[in-house]
Number of protein chains: 2
Amino acid sequence: MTPRPRTRIQRKNMNVILDAGLDVFSQHGFRGATLDQIAQVAGLSKPNLLYYFPSKEAIHVTLLTRLMDTWLDPLRDLDPEGEPVAELTAYVRRKLEMSRDFPRESRLFANEIIQGAPRMQEVLTDHLRPLVDEKASVIAGWMAEGRIRAADPHHLIFSIWAMTQHYADFDAQLCAVLGPRYDARFEEAEVFLETLMRRLLSPGGA
Amino acid sequence: MTPRPRTRIQRKNMNVILDAGLDVFSQHGFRGATLDQIAQVAGLSKPNLLYYFPSKEAIHVTLLTRLMDTWLDPLRDLDPEGEPVAELTAYVRRKLEMSRDFPRESRLFANEIIQGAPRMQEVLTDHLRPLVDEKASVIAGWMAEGRIRAADPHHLIFSIWAMTQHYADFDAQLCAVLGPRYDARFEEAEVFLETLMRRLLSPGGA
DNA sequence: GTCTATATTAAGATAGAC
DNA sequence: GTCTATCTTAATATAGAC
């Protein structure tokens with residue numbers, strides 16, 4: 001579906017197009033995005049877009065595929081040999097950093113899921129689900145050993161996703177609600193979420 | 001923008017159109033939704049839609065306006081005179097029930113916010129922000145009195161929004177990840193979130 | 001109030017010159 | 001590789017009959 005770039009200029013233009021596509025798809029979703037807009041943001045003509053990608057959908061699929069590669073890294077890095085509370089707070093911190101540094105990627109993903117994930121069902125069931133089950137088992141093991149307090153591991157992971165991605169996906173709402181405090185939202189969120197995780201998980205409830 | 005219904009049949013048809021619009025807008029966002037689709041779901045012709053509403057945007061705005069009326073009720077109901085932990089867990093429970101019972105409304109709202117809230121800026125700053133500030137003050141008062149443990153009240157509210165709405169907005173992902181456990185997701189979520197709130201807020205950290 | 005028919009614009013995609 | 005011009009379809013919206 002996506003041609004392999006062979007020359008330097010091909011690679012550069014494909015990246016320009018993908019970056020523009022990320023802009024537009026993340027803001028409007030697949031059906032709401034238009035090639036005209038992507039072409040304009042990319043600074044290329046519409047037919048030139050379709051020289052590099054066979055269709056609008058190909059751009060979208062390429063973006064989603066590339067995103068999933070890196071999007072799950074923080075969860076993959078959850079180390080069964082590490083200290084449980086430290087591992088889970090580090091996971092939260094990394095997810096929060098991704099919301100801060102890659103908000104468009106978060107919104108691209110959110111749009112696709114909200115709209116029913118029509119182009120992601122297989123990757124969710126084939127890759128995400130096994131990974132989540134594996135890490136949920138690790139967490140359940142820590143709980144069984146009494147190293148962290150018991151709570152449903154799957155819903156713990158969902159809550160971490162929800163709370164951290166919220167800072168990227170619902171940015172417009174945060175801006176309206178926080179007013180002048182908006183600029184400090186990520187620092188405040190890190191403190192809040194670290195406290196939340198500690199109280200939820202630390203054996204003493206500290 | 002929205003004509004007032006005068007007869008019974010007018011009211012009925014407008015509600016049919018709004019329900020169909022909720023279906024389509026919540027799944028595709030404003031730009032991704034089409035009048036053709038809304039008309040088909042409503043079982044009416046496209047011109048008939050535009051007899052009741054002057055434009056596609058009028059349907060969307062009507063939906064968002066009506067939604068905001070009821071969407072914030074659970075937060076409004078947070079009672080300063082109540083028992084703090086009970087009030088906040090009740091808030092979580094009501095929000096979770098809304099995700100379960102009105103997932104389309106949640107996704108309509110999420111789509112609009114993710115896409116930058118172009119048609120909701122004023123309602124967010126004029127209505128949501130004062131309400132959140134008011135209730136955050138109530139929560140801060142409880143914390144100052146030592147009735148619940150200290151944590152940033154605004155981010156506490158954001159986390160409650162994120163965790164509860166996640167079960168409506170990211171339903172497609174939950175379905176893929178949970179597999180056969182999917183049907184029990186709301187019961188499990190209620191137990192998990194009640195535990196989370198208790199550990200986060202109860203003075204003893206229970 | 002509801003429909004068919006249609007005007008008008010915009011969208012995805014292609015042809016073919018350079 | 002990149003562009004202008006264009007084909008084709010689909011979208012919002014309107015006209016006007018019934």
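Proteins get letters first, then strands, A, B, ... in listed order; numbering begins at 1 in each.
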**Q** Which pairs count as ring-ring contact (aromatic ring centres under 6.0 Å, His included) when at least one residue sits in residues 162-181 of chain A, sequence neighbours excluded?
**A** A:H166-A:F170, A:Y167-B:H155
**Q** If the condition is ring-ring contact (aromatic ring centres under 6.0 Å, His included), which residues does A:W142 pass it with, not counting sequence neighbours?
**A** none
**Q** When you measure from the centre of the six-membered ring of B:Y182, is the NZ or CZ of B:R185 closer than 6.0 Å and no more than 45° off the axis?
**A** yes
**Q** For B:Q37, give me all partners under side chain to side chain donor-acceptor pair (under 3.5 Å), at least two apart in sequence or on another chain.
**A** A:R31
**Q** Take atom CG of B:L44 and atom C1' of D:dT12, then tell me their distance rounded to the nearest Å.
**A** 17 Å
**Q** With a 4.0 Å limit, can you tell me whether A:N48 has a side-chain N or O closer than that to the phosphate oxygens OP1/OP2 of D:dT4?
**A** no
**Q** Which residues pass the salt bridge (Lys or Arg N to Asp or Glu O under 4.0 Å) test with B:K46, sequence neighbours left out?
**A** B:D36
**Q** In whole angstrom, what separates B:Q37's CD from D:dT12's C1'?
**A** 15 Å
**Q** Could you tell me the separation between the OH atom of A:Y51 and the P atom of D:dT2, rounded to a whole number of Å?
**A** 7 Å
**Q** Could you write nucleotides 4-18 of chain C as a row of B, S and -, 5' to 3', where a protein heavy atom under 4.0 Å of any base atom gives B, of only sugar-phosphate atoms gives S, and otherwise -?
**A** BB-----SBBB----
**Q** With B:R76, which residues qualify under salt bridge (Lys or Arg N to Asp or Glu O under 4.0 Å), at least two apart?
**A** B:D73
**Q** Give the rounded distance in Å between these two atoms: CG of A:L49 and C1' of D:dT2.
**A** 12 Å
